[in-house]
Amino acid sequence: MQLTGRNIIGFESFSEGTVAIQATNPATGETLAPLFYKATLDELNYATEKAEKAFQVYRKKSGIDKAIFLEKIAEEIENLGDLLIERYISESALPQGRAIGERGRTIGQLKLFAQLLRDGSWVNARIDTALPERQPAPRPDIRAMERPIGVVGVFGASNFPLAFSVAGGDTTSALAAGCCVIFKAHPAHLGTSELVGLAIQKAAKACNMPDGVFSLLFDDTHEIGMALVKHPSIKAIGFTGSYKGGKALFDAAVARPEPIPVYAEMGSVNPVFVLPRILKEKGKTIAENYVSSVTLGVGQFCTNPGILLCQSDELFMKELEQQSTKSQGGNMLTAGIKDAYLKGIEHSKNYTKIIGIGKAPEGLSAVESVILHTSVEEFNQNPHLSEEIFGPTSLVVEANSKEEILSAAHNLNGHLTATVHGTDEDFAEYTDLLEILEQKVGRILLNGFPTGVEVSHAMVHGGPFPATTDSRSTSVGTMAITRFTRPVCYQNYPDVLLPFELKSDNPLSIWRLVDGEMKK
Ligand code: NAP
């Protein structure tokens, strides 16, 4: 397969635009061939026209047909082999192990959704059978299930060129739901995006999917992204990125004549609490693992632990200092992300002191890791300190009492995760902390670290605003599918007209809630 730099619109490729953009290796500054052509508004309109038509066919595909399609996409991504891995590395400055791991995660994610579709019970089928004799009024036959929402616009994230990008969680869950996807590629990894886009196109053709089920558009300005959100054919948006970007897209979506849902996963600081007894017992190990978690992937994870809260402990602070000065930074994903990181650290220095600065490797976008320190009093007074600094940094907030720990927890905004380290006795003493955190985050972990998000059925990668624009869902794991569906109720439908999932003899053998009882 060869890179063309052309926008993918269904089964065709286009480069009508005259503005060229190019990818850059963030570590060396080298520009990478080929030239990519910024999509035009006409191309966006053509993609939406095709997607709307395709939706009328794709929405009726069976779970098995969609599962085969997702499995074929996984196979085609695997077939890209070293070409994909090499391009990923040169566009992201991330190491080979991470590239291979992320490809595995992306393929695994596609296969997990395929399994969900093969099983079929995810549609949440509910049947209330008719009660013609009921007094004073008979009950009609009422049946409901989840149906696809329409054409979905998806934005690629900078920090996961595969797993949160072209064939990442948003695209996969939208396609699994029965929606067509128009994808706005992230300008930091144009080539990786095109390769995966071509793999999806090939899979769509091989599986007899309608032309327009998937399109991929390039742009390095906000023009196409904004037009995508405002386009009347688009019925929902998936996004991972900055607070600024996610909130701008959300505001545009709710201001449309027909407002649409925006599932934006934005910044999160992922507080980690270390309770007093475990701090004494395992402070050294916790300090070591905490600094590793902060610097993993050059800190460019939305689950990076950006704040650690604990009660004063001199030994623990010494250990943190040692670990942070030993730690290794790395090259960041883009020059812009490096710039934002350095500015964030400079700004925080006005209100905090530095515990330790690590080492930086060679490279144009290389940065050092930095661990900062402040008191609960300062933290509670200064809202800037709970804002995300995307990169290998974290703020240690030292408390003088349990009350101070609880007041800091009360002051937190919405986050993706919260972590608590403790012994059984600690947890018994701090149940009130766990109660507070449950209201602040999408995932609470005990005695672990938040980096490393399992793709599974029970995973929640979401949380209250400002972590996301919709706390009722997740962008990782199979629960993500219902972001792109809506329930439809069929009243008094004869069996012949009902979808297979709702027919009386249950031909797909799925789990259904029949007259209030779960049945196969
Ligand atoms: P971003 O600036 O939010 O961009 C993400 C995508 O959204 C890009 O395709 C971008 O297009 C588009 N976009 C952003 N603002 C837009 C707007 N107003 N209108 C239309 N489209 C818009 O995020 P990023 O480039 O990935 O990284 C920048 C910062 O985001 C990082 O420094 C970090 O703070 C944060 N970030 C957070 C997470 C997380 O999971 N919490 C993940 C990644 C990044 P263009 O690039 O063409 O503008």
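Every number for a ligand or one of its atoms is a count from 1 in the order of the listing.
Listed by number with element, the atoms of ligand 1 under 4.0 Å from a non-hydrogen atom of Met266 are 39 (C), 40 (O), 41 (N). Listed by number with element, the atoms of ligand 1 under 4.0 angstrom from any heavy atom of Gly267 are 41 (N). Every atom of ligand 1 with a heavy atom of Asp220 under 4.0 Å away is listed here by number and element: 47 (O). Atoms of ligand 1 found under 4.0 Å from any heavy atom of Leu249, numbered from 1 in the order shown, are 19 (N), 20 (C), 21 (N).
Contact annotation: for Asp219 versus ligand 1, heavy atoms closer than 4.0 Å belong to the backbone alone. Residue contacts with ligand 1 for Ser158 involve both N, CA, C or O and side-chain atoms from C-beta outward (heavy atoms, distance under 4.0 Å). Under 4.0 angstrom from ligand 1, the non-hydrogen atoms of Glu388 all belong to its side chain. At a 4.0 Å heavy-atom cut-off, ligand 1 does not touch Gln300 at all. Of all the heavy atoms of Ala248, the ones lying under 4.0 Å from any atom of ligand 1 belong exclusively to the side chain. At a heavy-atom cutoff of 4.0 Å, ligand 1 is contacted by the side chain of Phe239 but not by its backbone. Neither the backbone nor the side chain of Val229 has any atom closer than 4.0 Å to an atom of ligand 1 (non-hydrogen atoms only).
For the residue pair His231 and Asn45, a side-chain donor N or O sits within less than 3.5 Å of a side-chain acceptor on the partner. Residues Thr172 and Gln109 bring no donor and acceptor atom of their side chains to less than 3.5 Å of each other.
Heavy atoms of Phe164 stay at 4.0 angstrom or farther from ligand 1.
In terms of N/O distances under 3.5 Å, ligand 1 is not approached by Asn159. Taking only nitrogen or oxygen atoms, main chain and side chain alike, Glu265 reaches within less than 3.5 Å of ligand 1. At a 3.5 angstrom cut-off on N or O pairs, Thr240 does not count as close to ligand 1.
Of the residues Val294, Thr393, Ile357, the one that meets the side-chain contact (heavy atoms from CB on, under 4.5 Å) test with Ile371 is Val294.
In this structure the side chain of Leu416 reaches within 4.5 angstrom of the side chain of Cys302, judged on heavy atoms. Phe465 is listed as a side-chain neighbour of Lys247, based on a closest heavy-atom distance under 4.5 Å.
Relative orientation of the Phe69 and Tyr58 rings is perpendicular, given thresholds of 30° and 60° on the angle between their planes. Between His347 and Tyr351, the ring-plane angle classifies as perpendicular under the 30° and 60° cut-offs.
For Glu265, the salt bridge (charged side-chain N to carboxylate O under 4.0 Å, His left out) test picks out no residue, with sequence neighbours left out.
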Only pairs under 3.5 Å count here: list side-chain donor-acceptor contacts from residues 173-186, not counting sequence neighbours, and write none if there are none.
from	atom 1	to	atom 2	distance (Å)
Ser173	OG	Gly169	O	2.6
Ser173	OG	Asp170	O	3.3
Ser173	OG	Arg483	NH2	2.9
Lys184	NZ	Asp219	O	3.3
His186	ND1	Ala188	N	3.0

